[in-house]
Amino acid sequence: MLLASLVFGPFACARSGPAARAPEERYRAILERAIDLGLPGFVLVVDRAGSEPWSGAAGYADLSAGRALHVDDPFHLASVTKAITAVAVLRLVARGELGLDDRIVEILDARTTRGLPAVERITVRHLLEHSSGLYSFNNDVEYWRPLIGADAFSGRAWTAEELLDFARGHEPAGAPGTGFYYADTNYVLLGEIVAALGGGPFKEIVRREVFEQLEMTSAYFYSDYRAGRADDRRPPVEGYLVLSEVMSGFGIHPDLPRVGGGMLQATDAHERSDTAAGVVASAPDMRKFARVLFGGGFLSPTAGELLREPARRVAAGDAETAGGILRAYAKPYGVVLTAEGDGPGGVHTLLAHHAASDSVIVAFTNVFGRFDESDFLLDEVVARIVQVP
């Protein structure tokens, strides 16, 4: 199903006929609300059962150049990348090439797993669901140095081996299988598993098993773009980082460009961890992926159950929020299942599914560090969309 777009000044919207005018007015009001709140740019795709998909964009892809944001502009997905890696893993599971309860020491070589705490007990399921307990480098100041800190202009990128060294050198957050301990470390290891079993480099496998299968023609890896190997791809939307007391604790490089409004131009700080936070794609392509992720016919029934487990727990009243491969929330408008990402390169991304209305929502904004972005997306954007008659 294709999404068309028309440009109206700083807004770009897709229309699907007179019958859609009432929902469209509400969706357009969401775009206007986002810009009124001071977000540089905002992209929204709504795919509700029984209706044609709707898409719109507002604000700017590049504040300095005054370049308007368009629906098909590619965004850095940040941690939504993990959902793509998870799908690649689950396709191996569906083919019988990998078991969820396989221990990773039986899959990976000793050089990769050496020194990781309790590694003999860690399974593929633990990695997928963030229950391995391994140390998370996400908020480590040292990890941020080549992104926004002292090495911001060095061109340095962390290797998988270096990222695993963080876990080797720190105490774990908990024992495997004893809790939800969110860590990109898990998805670094999953990337190594995909490469070990998939018959080629991780990125090649994801291109073949996910991007090509779902016709995600805009998708690419930011590491390739930075290395000059994706010159035929459109550059990602410019990202902006809010200067604040919290962010100053990460030692922000003084030469990062200022753009006014207390923000830095931070696109070059996009994470390049291919398996955990490194994919770039457009909102329409992520709508295709979201339909698969939240219940399409691309994965096995077992994989679907695993992906929806947090939503089942929340719906049963076990918790108001639950984490696994995906995240689930109990909201006044019902249970919503999400994949979310944000990062120092100036981006906040959301894929959401509201089961009661079978609505898929894709929302991107090119700012990080306000720390109200998630509340806006869940409590205003999703809430207003699912309540449209």
Side-chain angles (χ1 to χ4, degrees), residues 31 34-35 37-45 57-64 67 69-84 138-139 143-144 146-148 152 157 184 187 218-223 225-226 230 233-244 246-247 250 252 256-257 259 261-287 289-290 327 338-352 361-378 381:
L31 297 181
I35 302 308
L37 287 174
L39 303 182
F42 192 73
V43 175
L44 178 66
V45 175
Y60 294 94
D62 186 332
L63 288 170
S64 299
R67 178 165 61 89
L69 182 60
H70 294 271
V71 168
D72 57 355
D73 284 339
F75 264 84
H76 187 266
L77 301 182
S79 284
V80 172
T81 299
K82 293 181 181 66
I84 293 172
N138 305 56
N139 293 321
Y143 169 69
W144 287 54
L147 300 175
I148 61 172
D184 281 19
Y187 278 74
S218 71
Y220 62 88
F221 287 91
Y222 187 67
S223 59
Y225 179 77
R226 283 296 301 267
R233 301 293 188 179
R234 292 170 61 180
V237 170
E238 298 292 328
Y240 300 95
L241 181 67
V242 176
L243 286 169
S244 67
V246 172
M247 297 310 303
F250 289 94
I252 295 176
L256 286 175
V259 293
M263 294 191 297
L264 303 174
Q265 203 286 347
T267 311
D268 287 346
H270 281 324
E271 295 173 272
R272 298 183 288 286
S273 174
D274 296 324
T275 62
V279 173
V280 177
S282 70
D285 272 353
M286 291 311 295
R287 179 193 69 87
F289 176 77
R327 236 176 240 278
T338 71
E340 302 170 54
D342 57 31
V347 66
H348 201 108
T349 69
L350 173 75
L351 309 183
I361 297 143
V362 180
F364 295 156
T365 185
N366 52 339
V367 68
F368 174 76
R370 292 167 52 108
F371 303 115
D372 62 356
E373 299 96 335
S374 182
D375 291 340
F376 170 64
L377 292 174
L378 290 170
V381 175

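Start at 1 with the first residue, then count along the sequence.
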### Task
State which residue, out of Asn366, Val367, Leu31, fulfils the side-chain contact (heavy atoms from CB on, under 4.5 Å) condition with Phe42.
Leu31
### Task
Kindly determine whether Leu351 and Met286 satisfy side-chain contact (heavy atoms from CB on, under 4.5 Å), including the steps that lead there.
CA-CA 8 Å; Leu351 309 183; Met286 291 311 295; 3.8 Å; yes
### Query
Can you tell if the side chain of Val71 reaches within under 4.5 Å of the side chain of Pro284, non-hydrogen atoms only?
yes
### Task
Compare all side-chain heavy atoms of Leu243 with those of Leu264 and state whether any distance is below 4.5 angstrom.
yes
Counting distance only, does the side-chain N/O of [X] pair as donor-acceptor with the main-chain N or O of [Y] below 3.5 Å?
X: Thr267; Y: Gly239; result: yes
X: Arg226; Y: Asp268; result: yes
X: Asp73; Y: His70; result: yes
X: His76; Y: Thr349; result: no
X: Tyr220; Y: Arg234; result: yes
X: Ser223; Y: Arg272; result: no
X: Tyr240; Y: Leu63; result: yes
X: Thr365; Y: His348; result: no
X: Asp184; Y: Ala276; result: no

### Task
Any chance you could measure Phe364, atom CZ, to Leu377, atom CG, to the nearest 0.5 Å?
10.5 Å
### Task
Any chance you could measure Leu378, atom CG, to Arg327, atom CZ, to the nearest 0.5 Å?
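CZ of Arg327 is found 10.5 Å from CG of Leu378.
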Looking at every heavy atom in both [X] and [Y], which two are closest together, and how far apart are they?
X: Leu241; Y: Pro344; result: CD1-O, 3.9 Å
X: Val347; Y: Phe368; result: N-CB, 3.8 Å
X: Met247; Y: Phe371; result: SD-CZ, 3.9 Å
X: Val280; Y: Pro74; result: CG1-CB, 3.6 Å
X: Glu271; Y: Tyr222; result: O-CD2, 4.1 Å
X: Ala363; Y: Leu44; result: CB-CD1, 4.3 Å

### Message
Using the rule given for side-chain contact (heavy atoms from CB on, under 4.5 Å), can you reason through Phe376 versus Leu350, listing the C-alpha separation, both sets of side-chain angles and the distance that settles it, and then say yes or no?
### Response
CA-CA 11 Å; Phe376 170 64; Leu350 173 75; over 6 Å; no
### Task
Check the pair Ile84 / Leu77 against side-chain contact (heavy atoms from CB on, under 4.5 Å), numbers first and verdict last.
CA-CA 10 Å; Ile84 293 172; Leu77 301 182; 3.9 Å; yes
### Task
Please report the C-alpha distance between Thr81 and Thr275 in whole Å, then the side-chain angles of each, then the deciding distance to 0.1 Å, and finally whether the side-chain contact (heavy atoms from CB on, under 4.5 Å) criterion is met.
CA-CA 7 Å; Thr81 299; Thr275 62; over 6 Å; no
